[in-house]
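Data block below; observations after.
Chain A is the first sequence line, chain B the second, and so forth, proteins listed ahead of strands; every chain is numbered from 1. Atom set for the values below is all heavy atoms of this structure, side chains included, hydrogens, waters and symmetry mates excluded. None of these values were measured; they are calculated from a predicted model.
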Protein chains: 2
Amino acid sequence: MPQTKVVSLEKLKTACKNCGLAKLCLPLGLENNDIERLDAIVQRNRPLHRGNHIFQTGSRFGSIYVVKSGTIKSYTQCPNGTEQVVGFHLPGEVVGLDGIETGKHICSAKALETTAVCEVPFSRLEELTATVPGLQHQMFRLMSKEISKETGLMVLLGKSTAEERLAAFLLSLSVRFHSYGFSSTEFNLSMSRREIGSYLGLALETVSRLFTHFQEERILEVDRKHIKILEVDRLFQLLSDQNGCLERLQHPHNTETPGQ
Amino acid sequence: MPQTKVVSLEKLKTACKNCGLAKLCLPLGLENNDIERLDAIVQRNRPLHRGNHIFQTGSRFGSIYVVKSGTIKSYTQCPNGTEQVVGFHLPGEVVGLDGIETGKHICSAKALETTAVCEVPFSRLEELTATVPGLQHQMFRLMSKEISKETGLMVLLGKSTAEERLAAFLLSLSVRFHSYGFSSTEFNLSMSRREIGSYLGLALETVSRLFTHFQEERILEVDRKHIKILEVDRLFQLLSDQNGCLERLQHPHNTETPGQ
DNA sequence: ATGTAAATATGATCCAGATCAACAGTTGTC
DNA sequence: GACAACTGTTGATCTGGATCATATTTACAT
């Protein structure tokens with residue numbers, strides 16, 4: 001029976017209403033009917049391989065993308081060759097909202113590992129949001145969340161020490177993996193030390209040393225890309241000492257609110 | 001004719017279609033008809049005095065606000081008393097988008113000087129955007145711009161030197177004042193050195209020294225809060241040396257694109 | 001397998017900018 | 001108009017993290 005093959009093929013094409021990410025992607029229950037209309041415009045392309053781009057700086061904006069599995073890195077390339085990472089996007093998270101304003105992307109986005117994304121053509125989405133008020137509200141919330149997230153990162157980059165930055169980063173990953181249904185204490189990093197450093201405004205050597213340091217302190221167990229958080233509390237403590245405000249800012253999406 | 005008097009009184013209550021900021025606030029021509037519907041829900045309250053809050057961290061989100069004149073500072077308060085500035089909002093710019101997601105504001109916003117804002121109740125705005133597709137698109141653009149702006153700031157905070165940060169800050173102000181119809185080369189700062197420092201992730205002493213330094217270099221003339229830019233090119237140069245990508249990121253709103 | 005490039009770890013040194021300190025100019029207040 | 005409370009300038013010192021340098025491990029291509 002070709003059953004297996006069919007199932008594995010179908011996995012990629014799960015309708016929104018059966019998608020494990022629906023609660024992240026569509027946090028507030030839309031009518032079944034509406035979900036189906038959204039479903040109809042979503043394009044499910046074949047998975048991206050490590051290094052494949054979804055879009056590049058300056059390219060025409062046409063769609064937004066929801067990560068289904070894997071990791072997307074968004075970054076800008078400076079003329080001198082160095083790159084600046086501006087975001088890591090995990091399953092359930094959206095990429096490409098930056099392009100709406102000007103119609104061109106202001107950064108590039110590429111897969112850090114084998115990654116599946118749903119592509120949502122924006123003009124079709126707009127037609128839909130215009131007629132489905134619940135969906136429009138969802139979009140506003142989504143974009144607001146993105147703004148809040150970046151505000152939190154600004155605070156982190158503005159005043160925190162290297163130690164606080166890495167602690168915040170690890171906690172953020174932990175929370176996000178957890179909400180995707182994975183372990184919050186044990187996971188693999190899909191990004192390099194250099195990429196983490198770029199994102200956090202640190203040198204890769206500093207990131208490497210901090211991992212060693214956290215390991216010596218028995219806060220983490222680190223084996224290259226594999227991370228095991230031994231003491232979440234100590235990580236939180238590192239933040240709250242100076243930056244109580246960060247907890248709130250870093251994970252505003254954590255507190256599910258019974259919608260507006 | 002009592003023209004003069006009427007005009008000055010009316011200034012505060014100018015209908016959107018006569019507002020000098022319309023091109024910033026409503027960048028793409030809406031139908032006259034639609035503008036009037038928007039106009040009908042806008043609340044024009046009395047001006048705020050220096051120090052007055054529009055909203056505070058944790059307060060219920062109900063409206064977004066457009067600055068008509070003056071300056072709004074948004075910031076977070078850390079438990080240890082220090083504050084972190086997360087944005088300065090000049091005329092034509094919007095404040096409060098952070099609250100949409102959770103229904104509560106994640107930062108506080110206060111006037112740095114006498115400031116007039118238009119209050120737009122969000123639920124009424126949503127009703128309107130649902131029926132006026134052009135306005136919905138405008139809102140998406142607006143929020144996308146906010147995301148892009150913050151991405152640019154992240155890049156700035158992530159890897160730039162103190163000199164580059166202040167140069168970028170001054171250029172950003174210059175561009176924004178210009179688009180509001182003021183001089184792009186001579187203006188008064190409404191924020192203190194400490195607030196600039198907080199925003200840029202620098203100590204206030206560093207900001208002060210940099211102003212002195214730029215003055216010695218004949219790039220600026222500085223007299224306390226009064227700034228005169230003598231050589232814009234040198235400021236741009238400071239950025240483009242290392243961070244060509246910043247120019248693009250810092251002023252994505254600068255390049256007016258012909259619709260959609 | 002084997003060579004080559006990329007990613008990590010770790011030590012040694014250096015420096016941009018923070019912090020500490022003292023002072024001067026400004027603003028507000030009673 | 002005098003006192004207090006900010007705000008800004010400038011100097012001296014200190015330090016967290018960048019940078020430079022090297023070795024080791026891993027990943028990939030042939």
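Within 4.0 Å (heavy atoms only), B:Arg209 reaches at least one base atom of the nucleic acid. As judged by a 4.0 angstrom heavy-atom cut-off over every strand, B:Ala203 is placed among the base-contacting residues. Contact annotation for B:Leu204: base contact, defined as any heavy-atom pair under 4.0 Å involving a base atom.
You'll find the side chain of A:Met154 reaches within 4.5 Å of the side chain of B:Leu157, heavy atoms only.
Here D:dT10 presents its P atom at 12 Å from CG of B:Leu210, a figure rounded to the nearest Å. A straight line from CD of A:Glu163 to P of D:dA18 spans 14 Å, rounded to a whole angstrom. Note: CG (B:Asp223) to P (D:dG8) measures 12 Å, nearest angstrom. If you measure from atom NE2 of A:His226 to atom C1' of D:dT26, you get 17 Å, rounded to the nearest angstrom. Note: CZ (B:Phe211) to P (D:dT7) measures 15 Å, nearest angstrom.
At a cut-off of 3.5 Å, with distance as the only test, a side-chain donor of A:His226 or A:Glu186 sits close to an acceptor on the other residue. A donor and an acceptor atom, one from each side chain of A:Lys104 and A:Thr57, are nowhere located under 3.5 Å apart. For the residue pair A:Ser74/A:His89, the side-chain donor-acceptor check at 3.5 Å is satisfied. The closest side-chain donor-acceptor pair between B:Glu150 and A:Thr151 falls under 3.5 angstrom.
The shortest distance between the side-chain N/O atoms of A:Lys225 and the OP1/OP2 oxygens of D:dT26 is not below 4.0 Å. For B:Thr212, a side-chain nitrogen or oxygen approaches OP1 or OP2 of D:dT10 to under 4.0 Å.
A salt bridge links A:Glu195 with A:Lys73: the distance from a Lys NZ or Arg NE/NH1/NH2 to an Asp or Glu carboxylate oxygen falls below 4.0 Å. A salt bridge does not link A:Arg218 to A:Glu231: none of the charged nitrogens lies less than 4.0 Å from a carboxylate oxygen. Salt bridge present: A:Arg176 and A:Glu93 bring a charged side-chain N and a carboxylate O closer than 4.0 Å.
Between A:Arg224 and A:Ala162, the residue whose closest nucleotide on DNA chain D is further toward the 5' end is A:Ala162.
Within residues 189-200 of chain B, the residues approaching DNA chain D are B:Ser192, B:Arg193, by heavy-atom distance under 4.0 Å.
Taking the six-membered ring wherever Trp is involved, the centroid distance between the rings of B:Phe88 and B:Tyr199 falls below 6.0 Å.
Contact footprint of chain B on DNA chain C: nucleotides with an atom under 4.0 Å from a non-hydrogen protein atom, first to last in 5' to 3' order, C:dG17 to C:dT26.
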